[in-house]
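Step one of this worksheet: look at the structure below.
Just the heavy atoms: all of them, side chains too, but no hydrogens, waters or symmetry mates, feed the values below.
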Amino acid sequence: MEDFWSMICVDSSCSETEGRSSCFDIKFLKDPSSCTNHLFIICFELLLLIMLSAVMIQNKSLIRSPIRMEGHSKLQLVSSITNGCIGLLHLCLGIWILEENLKKSFSIFPLSWWLLELLQGISWMLIGLTTSFLLKKLPRTWLRLFSFLIFFVSSIFCAFSLSYAFHSGELSLRLVLDVLSFLGAFLLLFCTYKVCTYEDTDMEIDGSLRTPLNSELNEVDHVSHVSVTQFSKAGFFSLMSFWWLNPLIKRGQEKILHDEDVPTLRESDRAEACYSMFIDQLNRLKQKDESSSWSLVLRTIILCHRREILISGFFALLKVLALSCCPIILNAFILAAEDNESSKYESYVLAISLLFTKIIESLSQRQWYFRARLVGMKVKSLLVAAVYKKQLRLSNAAKLIHSGGEIMNYVNVDAYRIGELPFWFHHSWTTFLQLCISLVIIFRAVGLATIASLVVIVLTALLNTPLAKLQHKYLSKLLVAQDERLKASSEALVNVKVLKLYAWETHFKNAIESLRFSELKFLSSVLLQKAYNVILFWFSPFLISAATFSACYFLNVPLHANNIFTFVATIRLMQDPISTIPDVIGVIIQANIAFSRIVEFLEAPELQSSNFRKTCFDEKLNGSILIKSSDFSWEYDILKPTIRKINLKVSVGQKIAICGEVGSGKSTLLAAILGEVPHTKGNINVYGKFAYVSQTAWIQTGTIQENILFGSTMDVQRYQEALCKSSLMKDLELFPHGDLTEIGERGVNLSGGQKQRIQLARALYQNADIYLLDDPFSAVDAHTATNLFNEYILQGLAGKTVLLVTHQVDFLPAFDYVLLMSNGKILQAAPYHDLLTSSQEFVDLVNAHKETAGSDRLVNVTSTTRHSNSDRDIKKSLMEEPLKDLNNDQLIKEEERERGDTGLQPYLQYLNHKRGILYFLIGSLCHLMYVICQILQNSWMAVNVDNPKVRTLQLVAIYLLIGISSTVFMIIRSLLAVLLGYQSSKYLFSQLMNSLFRAPMSFYDSTPLGRILSRVSSDMSIVDLDVSFHLAYAVGSTINCYMDLIILTSVKWQVLFVSIPMAYVIIQLQRHYYACAKELMRMNGTTKSSIANHVAESVAGAITIRAFEEEDRFFNKNLNLIDVNASAFFHSFASNEWLIQRVETAYAVVLASAALCIAMLPFGTLTSGFIGMVLSYGLSLNGSLVYSIQSQCIVANYIVSIERINQYTHIPSEAQQVIEGNRPPVNWPAAGKVEIHDLQIRYRPTGPLVLHGINCTFEGGHKIGIVGRTGSGKSTLIGALFRLVEPEGGRIIIDGINISSIGLHDLRSSLSIIPQDPTLFIGTVRYNLDPLSQHSDQEIWEVLQKCHLREIVKDKEGLDSSVVEDGSNWSIGQKQLFCLGRAILRRSRILVLDEATASIDNSTDMILQKTIRKEFADCTVITVAHRIPTVMDCNMVLVISDGKLGEYDEPMKLMKRERSLFGNLVKEYWSYFKSAESH
């Protein structure tokens, strides 16, 4: 054995018996030149070579496969070159040692050195080249094991070599080789895991490239799979380093990111998976536990995400432990610096330990924050999904409590606030844990004086309790006020056209600003509470220091550099978690309130329509309805049924007409059959599938084709049939893109008739069993109505069950039964002719129609004109007006967002108000002074702590005085942040409201409401509560960072060699980050608007969605929109962590470099106090730097809200409301004469003319009728009269004044209108008739009497009768009569009726016409009408055809004129009337 050992080892002592055992001692393993060490390495290298050979032999294809350089990544090339060079170095060294042995002793013994180097050289070259270039061909399990084994052994020997070098003070070639080998092994391991991670992806992609040959579905799946985020396939190292995000960051640097560039979320993070898990877990808990809904929902959310919460909690714990090690290392470093006898290498080890500790801290904190944000995102997604799902099932009683505006708030604001909670959750206990650990460290430093620190911490917590309660109180009130303001804003913006027509926009804007004023009171309180919390918790570290140092003085605890700066470093590290306590408290309070609101909404009553909608296996029953002695009540009140004693039996294929006066319950009966009205008594059974056409058309944003298909697959034949039967073919020819033309929100770029016909086509295409049609013919002219009845009702719906609500009795003879309703009851149900003989009420209804339709003047003339033209001539002579948007562009554009780097512009926009920049600059200066005071404090301690001339009392007293000065600056800074936030929020909201209410109608026609509401709600909420403080945090933490860096580099200028390159690296990283992150946050904003728009649209069309049983499709669309938004948000916060981790690593290198520089200084160069101060600032530099970058990222994200709001504060506005130098007389217009000269109108600068040179004069006091086909330009002319659209050419003169020369308010307030779509606002009857409070109650009652509404209003609650959202508790006809009341109250000399009688029955129409003739006898009345009899009594009739003046004369003269356009219309109506009578 001894001979063998002498062959191996060169050291003679190792061959001696007494020393032999020492060769195997553990300390010899640390020596890289020991024989034992060499032997271990030789054995290990031989083992590796054997393993590699075995694998190569087993896979013979590896030997024959050529190496191709172009197929490998840069990482593989770097790994192979590095390991190859290391192997070559070992080989060269081994050959050189062998040559030296032969020269000196002519022998190859001892073997240890040269054999070791040769084996290492061969193995490193083979392993490096093989594993780098043949990674994908080697067995994956073996490869991972092999690379990990090499890395593990290399790291052990590297650690031993470094440790030996530190203790021995020798630097050897062997040490260099061990370090290089460790780096090579690390590269190899990283390369291996990266390739292995992506191997599965490559295989799946490779396979999916072939599968599309099998089916189209696989192709779709392939596309969706490829676009999934790399996070789903990332390995351990990629996850820890956020390497998986590099491709997106690189793409963001190369070009401006678009929506399609952002990968989708992995399956488990998508809204559908989160919501399904939430519902399943909630249902299981409800079966086991009967706790309150609040606790059940909270427990469910925690159970669904407990794994992620625990993992993020583990990383949070690891971060706290790593952070707490830093003061201990600092204490050891100061002691080593004070001790002349200690080894210099001890300081080196401590410096490197500091580096590794900081890296561990960074890795753990980044994973904590990332995973917590991920949980928050998933919670937000499931809550938005839950709110959306709930609103699809919400009962009408619940809608009175939870308005559309409030639902928008739940989605935009409350869900966001709750989603923020998981990020802050771990701060609550980690702060407590860190405080406890810090107290232990402080106790080791200052002993019993720690009690003073503990007392201050307890007092701080106790002081915070009342502040937290106040914050909760004011925040609750703020959210309620925010709801009220958003509800009013939503209502005003939805009905902005009506406000402009009535000249009420200023009043409603003032009302919203009044609500905003109340909201600002609570906002100022909330911001002040936030400032108090900030002051308290920034002041607390100083209080702790003051109390502790004072206690040290009184307890005679000695103060030295090591214990003072251990204490100072601990306090500085505590400052960040302590300073976050106000944010944690604020977030918890906000989330608690938001959570309570959402849970209350989720518990609201739902519709129970499924109770009576039956599924029948007997197809013969599908389409039948049976109602027995049933009562229905909108208010779910048995004692107050809306419709009562309903008995109805409808057989399959029957066609039932429902008629009656306004408010008789016709629409309610259809709603009851749909299950929308609570069923309080009796039995109801409905069999089959519904198709529903609402009285007020509900049109989605999208193409005409999408609106008609409504989620169904395309059947070309059925689709063409639906278009033909709905009389849409001619319209489609005139639309710029046919049926692919984009329709604006609520169908703003369609006429009323076009919207109804699209609804009819949608219903017909569904091929349902039961068709419920709520007065669809009221919005179309007589000719179109005849076509629709014959082709749609009689032919298209042949064999279908039809229930048609109508005010027109013309088609009643063709129905199997007619239901006559009055006062919520079915008076009679019988065929038309039976009702004529048995019901006087029905006879009165028919006679009223004949009185209005069959006037003598009409009959006399039609007999002479009936033969004048054929239908073909009529169709040629009268063409419908094209769609407003006739150019090649679609009306609804993709939402705008800023592109690229906007620099300081949005920040200046935020600060650009009264003294905003001044507040910001003074606040920043105050923070700078605060930091300087802190530096002076610590410098005073550093210089004088060991100065015998300075007494302890003097040391502590001056320290405290400087601290008090710093606190004053912090108080000023916090209060200025409140002022800045309050003033900026007030200013921006005022600008936004002014811009929105002054915007022209063209803006609202092309902008979905959701885009506007998302800015008014969520973006404004961020501006209110977040921007000012985070801006102050960003500036403050940046100042802290730079000051810390200055102090750190002041030790030794050589640190600049490291810090300057690192600063350059950080700047480059930030450039890469901002290029990507800003676009991601902008996408987050635009996709958030899409969610808001979809929710708003779904709330408005909930009845239609439920009727067609399309809830699941709309819910799935909502889930997709949530995922698109969440994907942008996910990659945004992930990129934030990507940046901060790299910045922290750079910082750790700078800190370690500074520590090494201090360690290399000769003993006594720096005092221990100065060393302690420098390193304590160095340790806090990490927090300052991270907090600075994080705050800058947060502010950069929040500033996107400023950008989005600013986009809508610079909308081109309408003309001035009032032109002071050119106001009309008080009694203008006195005569009511209207002169139109060569009027030309176009809706867009690039669009064609819609009105072509109209010339006519409306004499004062005349009654003017305007007729023409649906969409011919009638409403456009009315819009021009009210200047909703400015003329391209020509002018309109009223009583000698050009209306374009006066203010819009003066013009519109001098005219009266009864609009086509009657609108009521939330409030009372009094408020709806007289919102400006200009009339007495007596005048209002008189008007109600004239409108035949007095009794109805009196039966309710008088003038204080409530009007709910959209006026849904009043019928359409009643709403139209309220609009008539408004006109009578205004008493203008010019009254415009824009198809005002379309939605009311004939008897009410007759009464209304008589009222108008009586009340407006001396006024100019301009009537736009579909019903020809309505204009027969007019003095003059204006016929518009294709945007041109077709005819203008007295109606009798026009009817006698040969080939008269008006005569053609009269003939059509007469033939329509006669054909209806003949049925």
Restricting to salt bridge (charged side-chain N to carboxylate O under 4.0 Å, His left out), what partner residues turn up for [X], sequence neighbours left out?
X	result
Lys487	Glu484
Glu513	Lys509
Arg1223	Asp1306
Arg998	Glu1214

Between the main-chain N or O of [Y] and the side-chain N or O of [X], is there a donor-acceptor pair closer than 3.5 Å?
X	Y	value
Lys477	Lys521	no
Glu491	Ile1322	yes
Asn592	Ile588	no
Thr431	Ser428	no
Ser490	Leu486	no
Ser984	Gly981	no
Ser995	Tyr1208	yes
Ser514	Asn510	no
Ser1191	Ser1188	no

Measure up the Phe1321 and Phe508 rings against each other and bin them: parallel (under 30°), tilted (30 to 60°), perpendicular (over 60°).
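Rings of Phe1321 and Phe508: tilted, as their planes differ by 30° to 60°.
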OH (Tyr532) with more than 12 external heavy atoms under 6.0 Å
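It does not: Tyr532 OH has 12 such atoms or fewer within range.
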Verify the neighbour count for atom OH of Tyr1042: are there more than 12 heavy atoms of other residues, nucleotides or ligands below 6.0 Å?
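Atom OH in Tyr1042 is not crowded, with 12 or fewer foreign heavy atoms closer than 6.0 Å.
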Which distance, rounded to the nearest 0.5 Å, do you find between the [atom1] of [X] and the [atom2] of [Y]?
X	Y	atom1	atom2	value
Ser1002	Ile1211	OG	CD1	10.0 Å
Leu527	Leu980	CG	CG	10.0 Å
Tyr369	Phe1133	OH	CZ	14.0 Å
Ile1302	Arg1308	CD1	CZ	11.0 Å

Tell me every residue that passes side chain to side chain contact (heavy atoms under 4.5 Å, CB included) with [X], counting only those two or more places apart in sequence or in another chain.
X	value
Ser489	Arg485, Ile512, Val1016
Ser545	Phe549, Phe567, Ile571, Tyr959
Ser1309	Ala503, His1305
Gln991	Tyr987, Leu988, Thr1209

Under the side chain to side chain donor-acceptor pair (under 3.5 Å) rule, collect the residues that match up with [X], sequence neighbours excluded.
X	result
Asp414	Arg597
Asp1026	Arg417
Lys380	none

Side chain to side chain contact (heavy atoms under 4.5 Å, CB included) evaluation trace for Glu1144 with Gln365:
CA-CA 10 Å; Glu1144 283 182 324; Gln365 188 171 19; 3.8 Å; yes
Could you go through the ring pair (Phe, Tyr, Trp, His ring centres under 6.0 Å) check for Trp424 and His427 one step at a time?
CA-CA 5 Å; Trp424 295 96; His427 281 280; 5.2 Å; yes
Answer yes if the side chains of Arg1071 and Gln1068 hold a donor-acceptor pair under 3.5 Å, and no otherwise.
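There is such a pair (donor and acceptor under 3.5 Å, judged by atom type) between the side chains of Arg1071 and Gln1068.
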With a 3.5 Å cut-off and no angle check, do the side chains of Ser525 and Gln529 form a donor-acceptor pair?
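No, no side-chain donor-acceptor contact under 3.5 Å.
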Mind listing the side-chain donor-acceptor pairs of residues 960-973 below 3.5 Å, one per line with the distance, residues two or more places apart or on another chain?
{"from": "Ser965", "atom 1": "OG", "to": "Leu961", "atom 2": "O", "distance (Å)": "3.2"}
{"from": "Ser966", "atom 1": "OG", "to": "Gly963", "atom 2": "O", "distance (Å)": "2.5"}
{"from": "Thr967", "atom 1": "OG1", "to": "Gly963", "atom 2": "O", "distance (Å)": "2.9"}
{"from": "Arg973", "atom 1": "NH1", "to": "His927", "atom 2": "ND1", "distance (Å)": "3.2"}

